[in-house]
Amino acid sequence: MFYPGIEVDENSKALSCPVCSNVETLHGDYCNQCGAFLVNVCAGKVVDTDFGDQIISCRISLPGNSRHCHKCGAESSFLQNGFLKKWHKVKKEHQEQERIEAEYEIAIRK
């Protein structure tokens, strides 16, 4: 199954803001209209250390449809910011759509 995502450039930066649809995103990593973070990167994991909880992140760039980092498994910034749905919800929606389409095909054949 192909999981949908957000169209990004070669630096994993959204071509348009997933929050407000602003297309003027050339400068900086944040939307100049709504302030959303526009780059999909490893958001890191909370790790218990001697100094308390700390977020450890490899901060690598990720494709626009990545919900988790392929290096460490942490959530992506797009998933954490709510730009992408969790994979199991997308899969369930896809399966439901396939079921509806199959029922429709059966109905029109009758």
Side-chain angles (χ1 to χ4, degrees):
M1 179 173 153
F2 176 77
Y3 289 86
I6 295 167
E7 192 173 0
V8 296
D9 65 14
E10 64 279 355
N11 298 313
S12 297
K13 183 177 169 186
L15 298 180
S16 65
C17 178
V19 175
C20 71
S21 302
N22 177 29
V23 295
E24 296 177 16
T25 61
L26 295 176
H27 305 290
D29 292 339
Y30 295 87
C31 177
N32 63 343
Q33 298 302 317
C34 71
F37 183 58
L38 300 173
V39 184
N40 199 21
V41 295
C42 173
K45 296 180 181 184
V46 176
V47 178
D48 183 24
T49 69
D50 292 339
F51 305 105
D53 289 347
Q54 293 184 347
I55 297 177
I56 307 298
S57 172
C58 48
R59 298 292 292 175
I60 63 172
S61 298
L62 301 170
N65 69 341
S66 288
R67 286 149 175 81
H68 292 272
C69 176
H70 57 268
K71 185 175 178 183
C72 72
E75 290 185 345
S76 72
S77 57
F78 281 6
L79 180 64
Q80 279 195 350
N81 291 329
F83 302 162
L84 299 174
K85 294 178 185 176
K86 298 225 178 226
W87 72 269
H88 56 84
K89 289 182 180 183
V90 174
K91 186 171 184 177
K92 185 176 181 179
E93 289 172 359
H94 177 75
Q95 290 170 333
E96 180 64 16
Q97 184 62 36
E98 284 183 332
R99 185 190 64 76
I100 291 168
E101 289 172 3
E103 287 178 0
Y104 176 75
E105 286 295 322
I106 292 168
I108 62 172
R109 288 185 190 159
K110 290 182 178 181

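Note that CD of Glu75 and CG of Leu84 are 10.5 Å apart. Values are rounded to the nearest 0.5 Å.
Using a 4.0 Å cut-off between charged side-chain N and carboxylate O, Lys85 and Glu93 make a salt bridge.
The shortest non-hydrogen separation linking Tyr30 to Gly35 is CD2-O, 3.5 Å. Pairing each heavy atom of Arg67 with each of Asn65, the nearest pair is NH1-O, 2.7 Å. Shortest non-hydrogen contact noted between Cys72 and Lys45 is O-NZ, 2.8 Å. Contact detail for Val90 and Pro4: the closest heavy-atom pair is CG1-CD, 3.7 Å. Scanning both residues, Gln33 and Cys20, for their nearest heavy atoms gives CB-SG, 3.9 Å. Residue Gly44 comes nearest to Ser57 through the heavy atom pair CA-CB, 3.5 Å, listed as atom of the first residue, atom of the second, then distance.
Remark: of the listed residues Pro18, Ser61, Pro63, Ser76, Ser76 is the sole one forming a side chain to side chain contact (heavy atoms under 4.5 Å, CB included) with Asn40.
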Just do the side-chain contact (heavy atoms from CB on, under 4.5 Å) check on Leu15 and Val8 with the steps written out, would you? CA-CA 5 Å; Leu15 298 180; Val8 296; 5.8 Å; no
Kindly determine whether Lys86 and Lys92 satisfy side-chain contact (heavy atoms from CB on, under 4.5 Å), including the steps that lead there. CA-CA 10 Å; Lys86 298 225 178 226; Lys92 185 176 181 179; over 6 Å; no
Show, in sequence, the C-alpha distance, side-chain angles and deciding distance for Trp87 and Leu79, and conclude whether the side-chain contact (heavy atoms from CB on, under 4.5 Å) test is met. CA-CA 10 Å; Trp87 72 269; Leu79 180 64; over 6 Å; no
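Between Arg59 and Cys42, the closest side-chain pair of non-hydrogen atoms is not below 4.5 Å. Here the side chains of Leu38 and Asp29 are not in contact, with every heavy-atom distance at 4.5 Å or above. Residues Ile60 and Val41 are not in side-chain contact: their nearest non-hydrogen atoms beyond the backbone lie 4.5 Å or more apart.
Tracing side-chain contacts under 4.5 Å through hydrophobic residues (I, L, V, M, F, W, Y), one reaches Val19 starting from Ile6; they form part of the same cluster.
Shown here are the salt bridge (charged side-chain N to carboxylate O under 4.0 Å, His left out) partners of Glu103, two or more places apart in sequence or in another chain: Arg99.
Around NE2 of His88, the count of heavy atoms belonging to other residues, nucleotides or ligands within 6.0 Å exceeds 12.
For residues 2-21, there are no side chain to side chain donor-acceptor pair (under 3.5 Å) pairs, not counting sequence neighbours. Sorted by first then second residue, the ring pair (Phe, Tyr, Trp, His ring centres under 6.0 Å) pairs that include residues 64-86, not counting sequence neighbours, are Phe78-Phe83.
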